[in-house]
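Just below is one structure, and these are the notes that go with it.
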Amino acid sequence: MPRSLITRITTTVAHRFRQNHLILASSYSSSSSSAAVVSDSASSAPTGSDSVDITDNCVRRMKELQASEAADKMLRLSVEAGGCSGFQYAFKLEDKTNDDDRIFEKDGVKLVIDNISYDFVKGATVDYVEELIRSAFQVTTNPSAVGGCSCKSSFMVK
């Protein structure tokens with residue numbers, strides 16, 4: 001590969017990371033100023049169009065996972081810079097929450113989202129999808145996204 005091509009690719013990738021970092025940082029500063037106003041809502045979920053929906057398939061799979069674990073786990077959804085479209089979803093099973101988390105619950109299953117990530121997934125739907133090539137938790141609809149990759153693990157912000 002020619003050296004000039006490597007230099008251009010490196011410059012483009014570095015620029016993209018800086019843009020994503022600035023977007024996440026500005027989102028964090030705006031959410032932290034509003035967090036002071038609604039400090040009691042950190043442990044409760046908003047209602048209406050700002051809530052994050054959990055499908056029945058997601059609830060079923062979480063209950064299966066909880067049955068195999070000693071402790072009740074919660075599903076954590078976070079948004080990270082990266083992926084082929086700029087941002088990517090990350091799912092983890094956790095047993096504790098942080099001070100800045102928002103908790104959404106359906107049929108005893110809890111979905112935990114930090115305040116920064118919440119700004120990117122307001123009004124979204126979390127599902128558990130089983131396909132021939134994989135089975136995974138996915139964000140199936142996200143009103144904050146204008147596009148993404150076909151695997152639904154990354155997205156672009158409006």
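Because the structure is predicted, anything quoted here is derived from the model rather than measured.
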Across all chains, not counting sequence neighbours, the side chain to side chain contact (heavy atoms under 4.5 Å, CB included) partners of Ser144 are Asn142
Would you find a donor on one side and an acceptor on the other, under 3.5 Å apart, between the side chain of Gln88 and the backbone of Glu80?
-> no
Look at Asp56 together with Lys106 and state whether they make a salt bridge at an N to O cut-off of under 4.0 Å.
-> yes
Can you check whether Leu93 reaches Leu65 side chain to side chain, under 4.5 Å on heavy atoms?
-> yes
Heavy-atom pair with the smallest gap, counting every atom of Thr55 and Tyr128 | OG1-N, 4.0 Å
Give the minimum heavy-atom separation between Lys73 and Met62, together with the two atoms involved.
-> O-CE, 3.6 Å
Taken in chain and number order and not counting sequence neighbours, the residues that satisfy side-chain hydrogen bond (donor to acceptor under 3.5 Å, both in side chains) with Asn57 are none
Could you tell me whether the side chain of Val126 reaches within less than 4.5 Å of the side chain of Leu111, counting heavy atoms only?
-> yes
Ser117 side-chain N/O to Asp114 backbone N/O, donor-acceptor pair under 3.5 Å | no
Applying the side-chain hydrogen bond (donor to acceptor under 3.5 Å, both in side chains) test to Thr141, which of Asp127, Thr125, Asp53 qualifies?
-> Thr125
So do the side chains of Asp95 and Asp72 get within less than 4.5 Å of each other, counting heavy atoms only?
-> no
If we only count heavy atoms from C-beta on, is the Val139 to Phe91 side-chain gap below 4.5 Å?
-> yes
Looking at Val52 and Val121, what are the two nearest heavy atoms and their distance?
-> CG2-O, 3.5 Å
Would you mind reporting whether Leu75 and Phe137 have side-chain heavy atoms less than 4.5 Å apart?
-> yes
Partner residues of Lys63 under the salt bridge (charged side-chain N to carboxylate O under 4.0 Å, His left out) criterion, sequence neighbours left out = none
Give a yes or no answer on whether the side chain of Tyr118 reaches the backbone of Asp50 with a donor-acceptor pair at less than 3.5 Å.
-> yes
Steps toward side chain to side chain contact (heavy atoms under 4.5 Å, CB included) verdict (Leu77, Val112) = CA-CA 6 Å; Leu77 167 60; Val112 180; over 6 Å; no
Taken to the nearest 0.5 Å, the spacing of Arg102 CZ from Lys122 NZ works out to 7.0 Å
Residue pair Phe104, Ile113: steps toward the side chain to side chain contact (heavy atoms under 4.5 Å, CB included) verdict = CA-CA 8 Å; Phe104 302 89; Ile113 305 171; 3.7 Å; yes
Those residues that, when tested against Ala136, pass side chain to side chain contact (heavy atoms under 4.5 Å, CB included) (two or more places apart) = none
Return the set of residues passing salt bridge (charged side-chain N to carboxylate O under 4.0 Å, His left out) with Arg76 (not counting sequence neighbours), or none when no residue passes.
-> Glu94, Asp101
Sorted by chain and number, sequence neighbours left out, side-chain hydrogen bond (donor to acceptor under 3.5 Å, both in side chains) with Glu130 holds for Arg60
